[in-house]
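Written out below as structure tokens is the structure these notes cover.
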Amino acid sequence: AREEINKIQARVCRGKDEQRRRGEHQGGRRPFGWVKDPAAPYGDSLDPEAVITIHQAVDLVLKGKSLGNICRALNDAGRLTGYNCRWTTATLGRVLRSPNLLGHRRQKGDVFRDEDGQPVQVTEPIISEADFRRVEKRLAQRAEATAAMTAGHPIGMRVVSVLASLLRCECGSSMGRSHSGGDFYY
């Protein structure tokens with residue numbers, strides 16, 4: 001029985017290696033923005049509704065909005081993730097940093113590459129490479145700003161304004177602080 005299991009395992013691994021070599025989908029969920037398309041060269045094409053959502057998110061990032069604000073805007077507009085769930089900052093950050101936005105498929109921690117080592121275009125790009133790099137830079141700047149704000153504080157603790165618990169909005173809710181582009185608002 002053990003020998004038969006080893007044969008099956010080797011056969012499945014050979015099949016997966018061949019699928020990887022051809023740039024085919026390996027199974028599991030497709031990246032957000034992609035749909036199965038047997039007529040496409042690599043079996044995937046773009047989901048028009050998801051592309052609209054991604055473009056909205058990219059535009060908001062490039063306008064300096066936080067991932068939290070973007071998630072709220074997408075959720076309020078009824079736009080859901082690929083799992084039909086509400087957006088979270090972790091999910092949105094993962095989508096916006098993914099090489100799938102450039103039409104590249106991830107394989108074994110990298111992207112699918114041709115014999116010359118160049119990334120293979122599996123689908124049309126959802127955004128331009130220039131916009132992808134600008135989004136990467138903006139997200140990195142926000143991460144640095146957040147790290148600077150919480151420097152010296154235990155993980156998970158946020159820097160809170162001393163006045164946050166004392167001030168009240170005219171509607172009755174407590175006031176706090178937020179930041180955008182390095183400026184703080186109360």
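Values in this document were obtained by computation on a predicted structure and should not be read as measured data.
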Checking [X] side chain against [Y] main chain: does a donor-acceptor pair fall under 3.5 Å?
X	Y	value
Asn100	Gly103	no
Arg11	Asn6	no
Asp116	Gln118	no

**Q.** Heavy-atom check, side chain of Val135 versus side chain of Arg138, under 4.5 Å
**A.** no
Q | Straight-line distance of Lys65 NZ to Cys71 SG, nearest 0.5 Å | A | 14.0 Å
Q: Give, for atom NE2 of His55 and atom CG of Leu101, the distance between the pair rounded to the nearest 0.5 Å.
A: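 That separation rounds to 8.5 Å.
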In this structure, would [X] and [Y] fall into the same cluster of hydrophobic residues linked by side-chain contacts under 4.5 Å?
X	Y	value
Ile70	Ile52	no
Ile54	Leu139	yes
Val111	Leu102	no

Q: Go through the steps for Trp87 and Thr53 under the test side-chain contact (heavy atoms from CB on, under 4.5 Å), then give the verdict.
A: CA-CA 11 Å; Trp87 286 95; Thr53 300; 3.9 Å; yes
Q | Test item: side-chain donor near acceptor, Arg79 and Gln56, under 3.5 Å | A |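 Checked: Arg79/Gln56 side chains pair up, N/O donor to acceptor below 3.5 Å.
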Q.
Would you say Arg72 and Asn75 are linked by a side-chain donor-acceptor pair, where the criterion is simply a distance under 3.5 Å?
A.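 Looking only at side-chain atoms, Arg72 and Asn75 do not form any donor-acceptor pair under 3.5 Å.
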Please say whether more than 12 non-hydrogen atoms of neighbouring residues, nucleotides or ligands are located less than 6.0 Å from [atom1] in [X].
X	atom1	value
Lys16	NZ	yes
Glu3	CD	no
Gln141	CD	yes

Q.
On the six-membered ring of Tyr83, is Arg29 placed so that its NZ or CZ lies under 6.0 angstrom from the centre and within 45° of the ring axis?
A.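 Pair Arg29/Tyr83 counts as cation-pi.
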Q: Begin from the C-alpha positions of Asp44 and Asp37 and carry the test side-chain contact (heavy atoms from CB on, under 4.5 Å) through to its verdict.
A: CA-CA 5 Å; Asp44 292 303; Asp37 182 357; 5.8 Å; no
